[in-house]
> 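Got a structure for you, written out below as structure tokens; questions coming shortly.
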Amino acid sequence: MAAAGHCETSSKDHAQRLINMAKDMLSAVEKIKLPDGSSLKIRIGVHTGPAYAGVVGEKCPRYCFFGDTVNTASRMESTSFPGCIQVSSETIRSCSSSDADQADIDDGFCALGSRHVKGKGEMYTFLVRAGNWVEARDALVEKTGDNDSVCSPTTPSSSSGMWNKSRVSYDSDHGTI
């Protein structure tokens, strides 16, 4: 697990920095070959929101992050696809409110639509256009038979009940995990 934006000196682009690190992780892991010659595949999940941190334990103290944001990031990873980075709509909002180039944001994500996430219910999620996202998109289209909603535009319309970039605000006290 990695966290960004959890200290006061952190910049506003913490979500984009974490996504860039995730892309670098995918690139590094691609170079690791399994005994059968295939590349190792990892799943990465990213979520943005408040988290709590502290030192836990007396015999073997360790620094830990807690909270729903940590749990949701874990669910983004566990429901992702091999060789892919799945992010929540909150992370997309954070990227949209940072100083990132809007064209890069629009081109950088593939909307998966509403997906069931254990313990969270239905969540609107995205794949970062890196790693094996094309194979994951194709597998999801084949499984669901719904070619129209997978990789729809980054910003769902307000008529769908989802968020609209023009109405998004971001609390800089929240970090990305």
Side-chain angles (χ1 to χ4, degrees), residues 1-5 13-49 68-96 98 100-157 160-165 168 175-177:
M1 182 178 83
D13 66 343
H14 61 274
Q16 190 60 51
R17 287 187 295 124
L18 196 62
I19 290 169
N20 289 342
M21 184 186 87
K23 288 178 182 179
D24 291 343
M25 289 170 63
L26 287 180
S27 294
V29 166
E30 272 182 7
K31 297 172 186 161
I32 300 172
K33 299 295 180 192
L34 298 174
D36 67 0
S38 63
S39 294
L40 181 65
K41 303 256 190 272
I42 61 172
R43 297 175 302 181
I44 300 173
V46 180
H47 180 64
T48 301
D68 189 55
T69 300
V70 177
N71 296 337
T72 305
S74 175
R75 296 296 188 199
M76 290 293 99
E77 178 272 328
S78 65
T79 60
S80 186
F81 302 89
C84 293
I85 307 163
Q86 181 173 234
V87 301
S88 65
S89 58
E90 288 81 1
T91 300
I92 298 289
R93 285 186 201 125
S94 181
C95 289
S96 297
S98 73
D101 183 1
Q102 193 60 49
D104 289 342
I105 292 168
D106 291 339
D107 293 338
F109 300 96
C110 165
L112 296 180
S114 184
R115 301 187 70 210
H116 181 77
V117 177
K118 183 180 175 185
K120 303 298 294 175
E122 295 297 313
M123 289 185 69
Y124 205 88
T125 66
F126 300 80
L127 286 180
V128 175
R129 292 181 192 256
N132 294 337
W133 76 273
V134 173
E135 292 89 346
R137 177 203 59 202
D138 293 348
L140 190 58
V141 167
E142 185 176 318
K143 180 180 177 182
T144 64
D146 187 4
N147 195 29
D148 295 333
S149 66
V150 177
C151 283
S152 61
T154 302
T155 310
S157 68
S160 69
M162 299 306 293
W163 57 275
N164 181 318
K165 286 182 187 167
V168 170
T176 301
I177 294 178

> If I take atom NE2 from residue H47 and atom CG from residue L18, how far apart are they, to the nearest 0.5 angstrom?
12.5 Å
> Just by modelled atom types, is the D68 backbone N or O under 3.5 Å from a matching donor or acceptor in the T72 side chain?
yes
> Which atom names give the shortest non-hydrogen contact between T48 and A15, and what distance separates them?
OG1-CB, 4.4 Å
> Quick one: NZ on K118 to OG1 on T79, what's the gap to the nearest 0.5 Å?
11.5 Å
> Check the side chains of S39 and K33 for a donor-acceptor pair under 3.5 angstrom, ignoring hydrogens and angles.
yes
> I'd like to know whether T91 forms a side-chain contact (heavy atoms from CB on, under 4.5 Å) with F109, so could you lay out the CA-CA distance, the side-chain angles of the two residues, the decisive distance to 0.1 Å, and finally the verdict.
CA-CA 11 Å; T91 300; F109 300 96; 5.9 Å; no
> Under 3.5 Å, is there a donor-acceptor pair between the side chain of S94 and the main chain of E90?
no
> Inspect the surroundings of CD in E142 and state if more than 12 heavy atoms from other residues, nucleotides or ligands are less than 6.0 Å away.
no
> First locate atom CG of N20, then atom CZ of R17, and finally report the distance between them rounded to the nearest 0.5 Å.
9.5 Å
> What's the separation between atom CE in M21 and atom CD1 in I44, rounded to the nearest 0.5 Å?
7.5 Å
> So, R43 side chain and S78 main chain: donor-acceptor pair closer than 3.5 Å or not?
yes
> Take R115 and Q86 through the test side-chain contact (heavy atoms from CB on, under 4.5 Å) and record every step on the way to the result.
CA-CA 11 Å; R115 301 187 70 210; Q86 181 173 234; 2.6 Å; yes
> Are M123 and M76 side-chain neighbours, meaning at least one heavy-atom pair lies under 4.5 Å?
yes
> Nearest heavy-atom pair of S114 and Y124: which atoms, and what distance?
N-CD1, 3.8 Å
> Nearest 0.5 Å, please: how far is CZ in F126 from OG in S88?
9.0 Å
> E77 and I42: side-chain contact (heavy atoms from CB on, under 4.5 Å), yes or no, with the steps?
CA-CA 9 Å; E77 178 272 328; I42 61 172; over 6 Å; no
> Could you give the side-chain donor-acceptor pairs of residues 130-140 under 3.5 Å, partners two or more places apart or in another chain?
none

> Please report the closest heavy-atom contact between G49 and T69, naming both atoms and the distance.
C-OG1, 3.1 Å
